[in-house]
Amino acid sequence: MSSSLCHADLSAVVAAMPKVELHVHVEGSMRPETFLRLVRKHHLDLGVHTEAEVRELFRFRDFAHFLDLYERCTAAIREPDDISLITYELGLRAHGQNVRYLEATYSPGPRYRGRGIPYDEQLDALSRAADRVLADTGVRMRFVLDHVRGEPLDECFEVAAMCVAGARTGAVVGLGLGGFEPGRPASLFAEAIRYATANGVAFVPHAGEAVGPEGIWDCLEFGPARIGHGIRAAEDPDLLAVLRDRRIPLEVCPTSNLCTGTVRDLREHPLRRLWEAGVPVTVNTDDPSMFHTDLTDEHRLAVAHFGFSVAELAEMTLAGADSALLPEPDRHDLGRRLRAELAEFRVSAH
Ligand code: ADE
Ligand code: ZN
């Protein structure tokens with residue numbers, strides 16, 4: 001492959017590269033069409049009737065506004081078949097972007113609390129969809145189950161128990177923490193987190209997104225496998241050194257951070273600084289439908305805005321594969337396959 005590429009070629013190269021996604025919410029990936037389909041199916045009135053209106057709805061004033069709308073819109077997911085449908089569609093779209101491995105986050109608590117869908121039925125719905133994705137596309141999909149921080153400790157135990165049950169079949173690999181971070185540190189959920197990690201489930205919290213570095217420090221005692229977002233680590237050199245030395249990757253989601261007001265401007269976004277500090281970073285979508293993005297767009301942004309070369313992007317993808325929460329032989333296979341595919345793309349982007 002030639003060593004200098006024009007913008008259009010570069011964009012096509014980024015699209016063609018094999019990818020790994022480690023931070024994408026099943027619910028936040030629900031396509032506007034599918035959202036409207038569920039709204040109609042369940043005779044809901046959420047005040048939106050067209051795809052354009054849905055897209056307009058997904059404009060957020062700030063982080064709290066985003067979470068409020070997220071809760072209202074994901075309430076359209078009311079049955080196990082809905083869960084399977086959006087999970088399957090997420091897998092199909094990942095395949096279309098050359099994603100080879102996908103860890104998707106899903107929050108079972110609201111579906112149990114709001115709709116009474118038993119946790120085992122939710123697990124079954126996710127697993128069925130992942131099996132179909134694998135059969136139809138070859139994309140391997142695993143799940144991180146998120147506890148919503150604003151909800152009580154009891155619910156976190158229920159989610160942790162679902163993680164442990166799901167880990168037995170290999171479908172679930174992690175326990176996450178999502179939702180509103182301020183005033184809800186990970187330490188509040190210490191017992192449930194320890195129960196999950198003692199039973200072979202990795203801890204992968206959102207942290208350092210809506211609060212500063214203290215949100216990440218608070219998670220470290222639980223040995224997190226990765227941190228969701230974690231961008232506020234950039235404010236604390238001691239924390240950066242810990243993340244670098246312990247090889248704790250950050251799942252960075254630049255467009256999400258812009259859309260939720262976590263950063264005011266992409267020029268302020270610390271992705272490049274985190275990388276240069278030697279912290280393992282990956283690029284992800286978070287809630288692609290709500291933030292009008294996809295993984296290829298996030299990778300293009302990494303190149304066009306943050307100045308990553310194609311070779312650096314390939315390195316980032318390999319770091320993502322290294323932090324996949326798979327049993328060692330499977331992680332090794334994934335890395336080997338990606339390394340071979342990415343060898344084709346090691347060109348200079350400048
Ligand atoms: N749930 C879905 N997206 C989220 C985010 N970016 N932060 C916290 N919780 C979330
Ligand atoms: Zn997230």
Side-chain angles (χ1 to χ4, degrees), residues 20-30 35 57-77 83 86-87 90 94 102-111 113-114 142-151 155-156 159 173-186 188-189 202-212 215-216 218-219 224-233 249-263 269 271 281-295 298 320 323 325:
V20 165
E21 176 141 56
L22 301 173
H23 191 123
V24 54
H25 295 258
V26 169
E27 300 92 323
S29 74
M30 180 166 47
F35 174 57
L57 183 69
F58 294 157
R59 302 205 185 276
F60 312 108
R61 287 190 298 277
D62 54 28
F63 193 72
H65 180 222
F66 157 68
L67 284 180
D68 178 50
L69 263 178
Y70 187 86
E71 199 178 306
R72 283 205 284 139
C73 293
T74 57
I77 304 163
I83 300 168
I86 56 176
T87 307
L90 168 60
L102 176 61
E103 268 171 33
T105 296
Y106 172 79
S107 312
R111 245 45 65 204
R113 216 183 321 121
R142 297 290 183 270
F143 298 98
V144 170
L145 304 180
D146 231 15
H147 173 63
V148 181
R149 285 181 193 251
E151 300 307 324
E155 188 167 299
C156 190
V159 175
V173 292
L175 168 68
L177 284 181
F180 201 59
E181 212 183 337
R184 307 292 290 172
L188 280 181
F189 308 104
F203 180 48
V204 256
H206 289 65
E209 180 190 22
V211 304
I216 303 169
D218 176 62
C219 291
R226 301 187 303 259
I227 299 283
H229 298 278
I231 57 171
R232 303 279 304 267
L250 303 182
E251 305 156 355
V252 180
C253 311
T255 300
S256 160
N257 298 149
L258 189 63
C259 291
T260 60
T262 303
V263 296
H269 197 288
L271 173 61
V281 291
T282 62
V283 172
N284 304 272
T285 58
D286 205 16
D287 300 292
S289 291
M290 297 187 166
F291 303 141
H292 317 277
T293 189
D294 64 26
L295 193 59
E298 294 305 299
S323 68
L325 300 171

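Note that ligands are numbered from 1 as they come in the structure, with each ligand's atoms numbered from 1 the same way. Every heavy atom of this structure was used, including side-chain atoms; hydrogens, water molecules and symmetry mates were not.
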side-chain contact (heavy atoms from CB on, under 4.5 Å) evaluation trace for Phe291 with Thr260: CA-CA 9 Å; Phe291 303 141; Thr260 60; 3.7 Å; yes

Minimum-distance atom from the Zn ion (ligand 2) among N, O or S atoms of Asp286: OD1

Atom of His206 nearest the Zn ion (ligand 2) (restricted to N/O/S, atom name only): NE2

Close side-chain approach of Glu209 and Ile231, heavy atoms under 4.5 Å: no

Note, Glu298 side chain near Asn284 side chain (heavy atom, < 4.5 Å): no

4.0 Å heavy-atom contact, Met290 with ligand 1: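 So Met290 does not count as touching ligand 1.
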
Approximate separation, where rounding is to 0.5 Å, of Thr87 OG1 and Glu27 CD: 8.0 Å

Cys253 side, atom SG; His269 side, atom NE2 - distance, nearest 0.5 Å: 8.0 Å

For atom 6 (N) of ligand 1, the protein heavy atom that lies nearest, with its residue and separation: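 So the nearest neighbour among protein heavy atoms is Asp286 OD2, 2.7 Å.
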
Top protein contact for atom 8 (C) of ligand 1, by heavy-atom distance: Gly179 N, 3.4 Å

Short N/O/S contact of His25 with the Zn ion (ligand 2) (below 2.8 Å):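 Checking His25: at least one N, O or S atom is under 2.8 Å.
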
Aromatic ring pairing Phe66/Phe60, orientation class (parallel under 30°, perpendicular over 60°, tilted between): perpendicular

Which segment of Phe63 sits under 4.0 Å of ligand 1 when only heavy atoms are counted: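 Side chain only.
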
Glu27, portion touching ligand 1 at heavy-atom distance under 4.0 Å: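 It is neither part, as no heavy atom is under 4.0 Å.
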
Flag if over 12 foreign heavy atoms under 6.0 Å of CZ, Arg59: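 Counting neighbours around CZ of Arg59, more than 12 heavy atoms of other residues, nucleotides or ligands fall under 6.0 Å, so yes.
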
Glu21 side chain to Thr285 backbone, donor-acceptor under 3.5 Å: yes

Close N or O approach (Tyr70, ligand 1; < 3.5 Å): no

N or O pair under 3.5 Å between Leu67 and ligand 1: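 The answer is no, given that Leu67 and ligand 1 share no N or O pair closer than 3.5 Å.
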
Per-atom contacts, ligand 1 versus Asp287 - under 4.0 Å to a heavy atom: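 That gives atoms 2 (C), 3 (N), 4 (C) of ligand 1.
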
Option nearest atom 10 (C) of ligand 1 (shortest heavy-atom distance, choices Glu181, Glu209, His25): His25

